[in-house]
Structures are given as structure tokens and as C-alpha cells.
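Lettering follows sequence order; numbering is per chain, from 1. Just so it is clear, the values below take in all heavy atoms, side chains as well, and ignore hydrogens, waters and symmetry mates.
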Amino acid sequence: MPPPFYICGPTASGKSTLALEMAAQLDGEIINADAFQLYRGLDILSAAPSAEERAQAPHHLYGVLEPGTAADAGQYLRLARPLIENIQARGKTPVVTGGSGLYLKFLTHGPAPLPTGDATLRAELEATPLDALVARLRALDPVEAARTALQNRRFVSRALEICLLSGHRASDLRDRWESQTAELAAQLRGCVIQRTRPDLHARIACRTRAMLEGGAVAEVAALTNASANCEKAIGVRQIRALLAGEIDRTTCENLINAATRQYAKRQESWFRRELWLRPVPR
RNA sequence: GGCCCGAUAGCUCAGUUGGUAGAGCAGCGGAUUGAAAAUUCGCGUGUCGGCGGUUCAAAUCCGUCUCGGGCCA
């Protein structure tokens with residue numbers, strides 16, 4: 001069974017193009033690993049592969065979720081795993097391509113056996129002041145509290161959520177990746193595209209312009225009943241502000257560029273730690 | 001031509017009665033175990049427009065020049 005090949009890298013670095021090259025070379029099929037390209041109705045903003053690109057090799061998991069649904073890394077795993085096995089069973093190589101570090105991490109290292117987030121509990125935790133959440137986590141699981149960034153409400157809530165939903169300490173359930181990394185690293189095959197900052201920034205600027213000229217505004221206007229998840233895609237908030245007349249087009253473009261550059265930087269931070277990825281300068 | 005206002009970080013600006021400067025944004029670095037294009041932590045990067053003067057000490061006061069903006073001719 002051909003092992004999967006992973007293609008990572010910051011946004012606008014050229015992952016989709018490289019994926020096509022690898023698919024051709026490895027007799028492969030491309031699987032999306034981007035949290036937002038998963039959604040239907042976000043093709044332009046999420047820079048999903050074009051129809052021409054998709055015609056060059058089988059593409060999977062692009063636009064498969066309704067904008068109104070809320071996905072997460074676990075659900076992605078449930079979609080991607082069977083697909084990978086299916087492709088392998090047919091003797092083809094899965095070429096997993098995307099920039100969502102956590103999703104890729106789940107795929108390559110497997111998730112810890114943690115409970116899925118619960119909407120009701122989340123709403124409750126969201127309404128609680130941060131210091132109260134911290135106090136509660138400290139009481140339930142001091143070990144986890146000590147290793148959690150306590151200023152990060154999202155992280156504190158999640159740790160607490162794990163304790164409350166599972167009835168166990170989060171610190172007892174979490175812990176797995178580090179021990180697996182060494183043995184897995186030898187088996188995993190993949191690369192991370194590297195570009196200089198000026199080059200990457202230029203590509204981002206170019207792509208943002210193309211998006212705005214290529215229908216991104218109409219795409220957002222058509223994006224009704226989107227989940228809170230979808231609303232967070234870079235560009236949605238900015239274009240909504242443009243549509244509302246709060247900012248002009250140039251400002252909108254500048255804001256999208258800045259948000260995209262910041263995102264790219266976070267992705268580089270993430271992939272830098274994935275030592276099994278072979279750097280590919282471009 | 002005359003008068004007035006402005007010139008401080010990449011950008012927008014703050015800077016008390018003179019004691020060699022600090023916010024936001026941008027940028028850079030980090031974290032990341034089921035919201036991840038999310039969330040979060042850290043870092044000030046500077047001939048204070050130029051030159052001269054007053055003063056122990058000037059971003060700050062005085063003079064002059066340059067460049068913006070405005071008003072009057």
C-alpha cells in the first residue's frame with residue numbers, strides 16, 4: 001500500500017501546484033487538508049483549486065461541507081481516513097495537501113482519546129469570566145492548568161471541557177504525540193514549501209487582488225446562513241465591511257493582505273516544528 | 001509675497017511646567033492535542049525635518065531654511 005505523501009506550507013506558497021506535480025509523479029490522488037476549502041461556497045476566498053486544476057487529477061474533500069455546518073479536526077479525520085485507505089486500496093498514492101496544521105497533525109499522529117466539544121457546555125463556559133474558568137481548571141486538574149496558557153480563554157475552556165465531559169483529568173488523557181513522534185517520523189513522507197518573506201508577501205498580494213477581481217465579493221454576499229466557523233475565513237469579515245460601506249476597496253484589500261500575512265506566519269511557526277517534513281525551497 | 005498650522009517608529013498619532021521618547025496598527029518571534037484561516041503570549045524597530053542659538057540639559061524655548069496644508073493678497 002503506497003504511503004500518503006503530505007504537502008504543507010504557508011498559504012499562497014504554491015501547495016496546490018506542487019500537489020499536481022506529485023500526483024502525476026506518484027500516480028496519486030489529492031486530498032484536501034485545509035479547514036476552509038472543506039466548505040462549499042468558499043472556493044474563491046479559500047483559494048481552492050480551480051476546475052482546470054481539478055481536471056488534472058482526482059481531488060477529494062473540496063467543498064464537501066455546507067457553510068452552515070461547524071467542522072472540527074475530529075470530523076476532518078473521519079472524512080479523510082477512510083478516503084486515504086480507499087485510495088491506497090486502489091493502489092494509488094494519497095497526496096494530502098493543505099495548510100491546517102492541526103488537521104494534518106491529527107491525520108499523521110492521531111488524536112488523543114478526547115471528547116468532542118459540546119455546544120451547550122461551550123456556550124456556558126463562554127459566558128463565564130476567564131478567572132473563574134482558570135480557578136475551576138486548577139481545582140479539577142492542576143497539572144493541566146500548569147501547562148496551559150491561562151491567558152488563552154480558548155485553551156482553558158477546552159481543558160475544562162475535557163475534564164467535565166470525560167470525567168477524567170485532561171492531563172491524564174492528553175500526552176500522546178511526543179512519545180509517538182520519533183517512531184512516526186521515520187515512516188511519514190512529506191514536504192513543507194519554503195519561500196522568502198518578500199516572495200510570499202508578493203504572492204499573497206497578487207492572490208488577494210485576483211480574489212477581489214475574481215468574484216470574492218459576490219461569494220461573500222452569497223454566503224448566507226454561514227456557520228460562525230465559516231464567518232472566520234480570512235476575507236469574510238473584511239468584505240462584509242466593504243459591502244456595508246464601512247471601508248473602501250483599497251482598505252479592504254489591505255486588511256485582507258495583512259490578515260493573510262499573519263496567518264502565513266503562524267503556519268510557518270507550526271510547520272517549523274514538524275521535523276519530519278522535508279523543506280522544499282521554492 | 002504675507003500670515004497661520006503641521007513635520008516624532010514602516011503608517012496614524014501622543015508627549016504634562018525643558019531632564020536624550022511611547023501608544024495603536026503594520027512588522028518580527030513563540031505557543032498550539034476535537035473552534036485552528038481560530039485563539040493566545042512576547043519584542044519598539046527612532047539622526048524627534050535640516051542647520052544654528054539659549055541652557056548644566058532641547059522633541060519641547062528662539063532664529064533660519066526645507067517640505068506639506070490652510071487663510072489673505
Side-chain angles (χ1 to χ4, degrees), chain A residues 8-12 15 32-39 42 44-48 65 69-80 98-119 121-123 125-126 130 133-134 144 147-159 161-162 165-166 170-181 197-198 200-201 204-205 207-208 211 216 226-239 250-251 254-274:
Chain A
C8 310
T11 188
K15 293 186 293 294
N32 169 44
D34 180 292
F36 285 79
Q37 290 177 2
L38 237 34
Y39 285 106
L42 278 179
I44 298 169
L45 271 188
S46 70
L65 296 180
T69 59
D72 62 32
Q75 189 182 347
Y76 170 71
L77 200 57
R78 286 192 291 279
L79 291 171
S100 296
L102 183 65
Y103 286 20
L104 284 155
K105 190 76 177 180
F106 267 47
L107 216 41
T108 56
H109 291 68
L114 304 176
T116 302
D118 177 79
L121 178 57
R122 273 188 188 173
L125 295 178
E126 221 158 291
L130 179 59
L133 294 179
V134 169
E144 187 67 12
R147 56 166 99 140
T148 299
L150 298 175
Q151 318 90 322
N152 192 332
R153 179 177 193 95
R154 191 67 76 80
F155 289 0
V156 174
S157 292
R158 175 60 186 158
E161 181 180 77
I162 291 169
L165 291 176
S166 71
S171 55
D172 290 338
L173 301 176
R174 266 210 269 235
D175 257 337
R176 310 238 162 171
W177 287 344
E178 280 70 16
S179 54
Q180 293 179 358
T181 299
R197 276 295 160 80
L200 190 61
H201 287 186
I204 287 170
R207 195 184 67 183
T208 301
M211 280 178 184
S227 63
N229 215 20
C230 264
E231 288 291 327
K232 288 182 307 202
I234 290 173
V236 173
R237 202 183 64 240
Q238 294 85 348
I239 289 175
T250 303
T251 304
N254 290 340
L255 289 174
I256 292 174
N257 276 328
T260 307
R261 288 193 299 263
Q262 291 166 344
Y263 171 48
K265 196 152 74 67
R266 275 179 266 131
Q267 289 175 298
E268 288 186 331
S269 285
W270 183 289
F271 292 127
R272 221 171 272 157
R273 300 204 311 169
E274 300 290 348

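Straight-line distance between the P atoms of B:G30 and B:U20: roughly 35 Å, to the nearest whole Å. One C1' atom belongs to B:A73, the other to B:U17, and the distance between them is 40 Å to the nearest Å. Using atom C1' as the reference point in both B:A7 and B:U12, the two lie 14 Å apart (nearest Å). The gap from the C1' atom of B:U16 to that of B:G68 amounts to 28 Å, rounded to the nearest Å. Nucleotides B:U60 and B:G49 are separated by 15 Å at their C1' atoms, to the nearest Å. With both ends at atom C1', the span from B:G46 to B:G10 equals 12 Å, rounded to whole Å. Taking atom C1' on both B:U8 and B:C3, the two are 26 Å apart, rounded to the nearest angstrom. Nucleotides B:U47 and B:A9 are separated by 13 Å at their C1' atoms, to the nearest Å.
Contact of the A:L102 side chain with the A:Y76 side chain is not registered, since no non-hydrogen atoms from C-beta on lie closer than 4.5 Å. Inter-residue side-chain proximity for A:W270 and A:R266 is flagged as unmet; no heavy-atom pair is nearer than 4.5 Å. Taking 4.5 Å as the limit, some side-chain heavy atom of A:K265 sits within range of a side-chain heavy atom of A:R197. A 4.5 Å side-chain heavy-atom check between A:E268 and A:L200 finds at least one atom pair inside the cut-off. Side-chain contact check for A:I162 versus A:R174: some heavy-atom pair is nearer than 4.5 Å. Contact of the A:C230 side chain with the A:V236 side chain is not registered, since no non-hydrogen atoms from C-beta on lie closer than 4.5 Å.
Note: CZ (A:F271) to P (B:A36) measures 14 Å, nearest angstrom. Atom CZ in A:R174 sits about 5 Å away from atom C1' in B:U33, given to the nearest Å. What separates CG of A:L38 from P of B:A35 is a distance of 14 Å, to the nearest Å. Between the P atom of B:A36 and the CD atom of A:E268 lies a distance of 21 Å, rounded to the nearest Å. To the nearest angstrom, P of B:C11 lies 15 Å from CZ of A:R261. Between A:L255 atom CG and B:C25 atom P the separation is 13 Å, expressed in whole Å. Protein atom CD of A:Q262 is 16 Å distant from nucleotide atom C1' of B:A31, rounded to whole Å. If you measure from atom CD of A:Q75 to atom P of B:A36, you get 10 Å, rounded to the nearest angstrom.
In the interface, the side chain of A:K265 is paired with the base of B:G29 through a donor and an acceptor atom under 3.5 Å apart.
No donor-acceptor distance shorter than 3.5 angstrom exists from the side chain of A:T69 to the backbone of A:L65, with no hydrogens or angles considered. Under the 3.5 Å distance criterion, the side-chain polar atoms of A:S100 are matched with a main-chain donor or acceptor of A:A35.
Of the candidate nucleotides B:U33, B:G30, B:G34, B:G34 has the atom lying nearest to any side-chain atom of A:R158.
Using a 4.0 Å heavy-atom distance criterion, A:A264 is classed as making no nucleic acid contact. Nucleic acid contact class of A:R237 (heavy atoms, under 4.0 Å, all strands): none. Within the nucleic acid shown, A:E126 comes within 4.0 Å of at least one base atom, counting heavy atoms only.
Across A:N257 and A:A205, no two heavy atoms sit closer than the pair OD1-CA, 3.4 Å. Taking each heavy atom of A:T11 and A:Q267 in turn, the nearest pair found is N-OE1, 2.7 Å.
From A:H201, atom NE2 reaches atom CD1 of A:I204 across 5.5 Å, with rounding to the nearest 0.5 Å.
Base pairing in RNA chain B yields stems of at least 3 consecutive Watson-Crick or G-U pairs, both distances under 3.5 Å, namely B:1-7 with B:66-72, B:10-13 with B:22-25, B:27-31 with B:39-43, B:49-53 with B:61-65.
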Heavy-atom contacts, protein to nucleotides 37-45 of chain B, under 4.0 Å, summarised as B (base), S (sugar-phosphate only) or - (none) per nt, yield BBBBS----
